[in-house]
Amino acid sequence: MCGRYAITLPPEAMRQLFAIRGGIPAFALRFNAAPTMDLPVVRMGDVGREIALLRWGLVPSWAKSLDGGSLLINARSETAAEKPSFRGAFARRRALVPANGFYEWQARGKGPKVPHFVHRRDGAPMVFAALWERWGPPEGGAIETFAILTSEANSDIAAIHHRMPVILPPEQWDLWLSPSTALGALEALLTPAPLGLVSAYPVSLRVNSVANDDPALLAPAEAPPEGEAQAVPAPRRPGQLDLF
DNA sequence: CCAGACGTTGTT
DNA sequence: GTCTGG
DNA sequence: CCAGACGTTGTT
DNA sequence: GTCTGG
């Protein structure tokens, strides 16, 4: 779950949404944000909220290397506060991840999984609760990564999937980001979205390939009939050679 | 004491 | 880094 | 999350 | 089947 989302808010819109005072880094708009990409997150800096570009896929600070199995894109909200991989980040490095919405794949017994786009009914951006971590020497070469917290799905999308990202409303953003919020108060924020907040519709299978990243990914698509296959358009890079 | 794990997802 | 298992 | 690779030798 | 890359 939550292994893909869209974030296409222009920098200025994001500055206003989060009341960022300082400058913000340049970042690409993404209709198909995927793990290992550098994506904008909001966290507390020295002088209040800041936007930073972090790599999606949290690497614990004690990991021996950046590659391998140490790439944690989600953290279960039910257990993150105690897990060795997340505990430190849960206590001291919480973040918000802005999104237009997220993609969720619905398994359909036979045939391909059907991707859906899950968005707020009111059209507002959706903000995920997240944790971030730093790996490597502080002097330089350190990389910063993040993971998105998940909860049980609510009944708005339970027919599609059984987990969903934790979505925080604006009035909870300060509490989540503040370094002084008590552990119990933090855990109280990590609940499934209230009923009626979100809605979902099927989208094209083109979203399956991260090579596809365009506005058409958000367009509603016909849900394919049960058990019937649908062609997957093959992404093709310019300059690709035919070898045989 | 040292060695080894440390996570999520989904699927069966 | 910190905890668990042997 | 899904898609795509998964290998060696020798030669340029 | 399993791992890596995006």
Side-chain angles (χ1 to χ4, degrees), chain A residues 1-7 27-28 30-39 53-93 97 99 101-118 128-138 142-143 145-153 157-166 190 200 202-214 217-218 229-237 240 243:
Chain A
M1 66 86 21
C2 206
R4 222 71 83 75
Y5 65 93
I7 173 59
F27 54 85
R30 299 280 190 185
F31 294 90
N32 206 351
T36 74
M37 288 180 179
D38 288 329
L39 299 164
L53 282 184
L54 271 53
R55 190 171 173 265
W56 187 9
L58 185 147
V59 177
S61 59
W62 41 259
K64 292 185 181 67
S65 75
L66 281 175
D67 37 64
S70 40
L71 186 100
L72 308 167
I73 68 172
N74 296 134
R76 292 178 63 88
S77 59
E78 298 91 335
T79 56
E82 298 95 44
K83 294 286 185 183
S85 291
F86 301 124
R87 184 169 50 186
F90 195 100
R92 292 178 293 279
R93 289 177 295 278
V97 174
F102 61 95
Y103 298 101
E104 200 73 274
W105 279 260
Q106 178 183 40
R108 286 268 206 99
K110 189 184 173 180
K113 292 180 187 176
V114 179
H116 294 251
F117 185 65
V118 185
F128 306 138
L131 306 174
W132 68 273
E133 188 54 273
R134 181 176 282 133
W135 184 92
I143 82 151
T145 59
F146 73 95
I148 296 172
L149 287 154
T150 65
S151 70
E152 288 281 318
I157 64 163
I160 298 171
H161 212 68
H162 67 108
R163 302 287 294 174
M164 72 188 298
V166 172
L190 305 179
V203 293
S204 165
L205 289 172
R206 291 179 63 244
V207 75
N208 288 10
S209 175
V210 296
N212 295 319
D213 182 6
D214 57 77
L217 296 184
L218 300 182
Q230 180 173 315
V232 188
R236 193 176 175 85
R237 293 184 303 282
Q240 188 176 357
L243 302 174

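The chains referred to below are lettered A, B, ... by the order of the sequence lines, with proteins before strands, and numbering in each begins at 1. Side-chain atoms are counted along with the backbone in the values below, which use heavy atoms only and exclude waters and symmetry mates.
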Undergrad: Taking only N and O in the side chain of A/Arg76, is any of them less than 4.0 Å away from OP1 or OP2 of B/dG7?
TA: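 No.
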Undergrad: Mind checking the C1' distance from B/dG7 to D/dG7? Whole angstroms is fine.
TA: 31 Å
Undergrad: Output all residues satisfying salt bridge (charged side-chain N to carboxylate O under 4.0 Å, His left out) with A/Asp38, sequence neighbours left out; order by chain, then residue number.
TA: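 Salt bridge (charged side-chain N to carboxylate O under 4.0 Å, His left out) list for A/Asp38, sorted by chain: empty.
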Undergrad: Is A/Lys113 near enough to B/dT9 that one of its side-chain N or O atoms lies under 4.0 angstrom from OP1 or OP2?
TA: no
Undergrad: Using a 3.5 Å limit on both pairing distances, list the dot-bracket string of DNA chain D from the 5' end; Watson-Crick and G-U wobble pairs count, crossing pairs take [ ], interstrand pairs take |.
TA: ||||||......
Undergrad: Say you pick atom C1' in D/dC2 and the same atom in B/dT9; how far apart are they, in whole Å?
TA: 12 Å
Undergrad: Is A/Pro60 close to A/Leu72 at the side-chain level, that is, under 4.5 Å between some pair of heavy atoms?
TA: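 Yes, at least one pair of side-chain atoms sits under 4.5 Å.
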Undergrad: What integer number of Å spans the C1' atoms of D/dC1 and B/dT8?
TA: 11 Å
Undergrad: Any side-chain N or O of A/Ser85 under 4.0 Å from OP1/OP2 of B/dT8?
TA: no
Undergrad: Just to verify, what does A/Arg87 make a side-chain contact (heavy atoms from CB on, under 4.5 Å) with, not counting sequence neighbours?
TA: A/Pro84
Undergrad: Give a yes/no answer on whether the side chain of A/Thr150 brings an N or O atom under 4.0 Å of OP1 or OP2 in B/dT9.
TA: yes
Undergrad: Looking only at side-chain atoms of A/Arg4, point me to the closest of B/dT8, E/dG6, B/dG7.
TA: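 Nearest nucleotide to the side chain: E/dG6.
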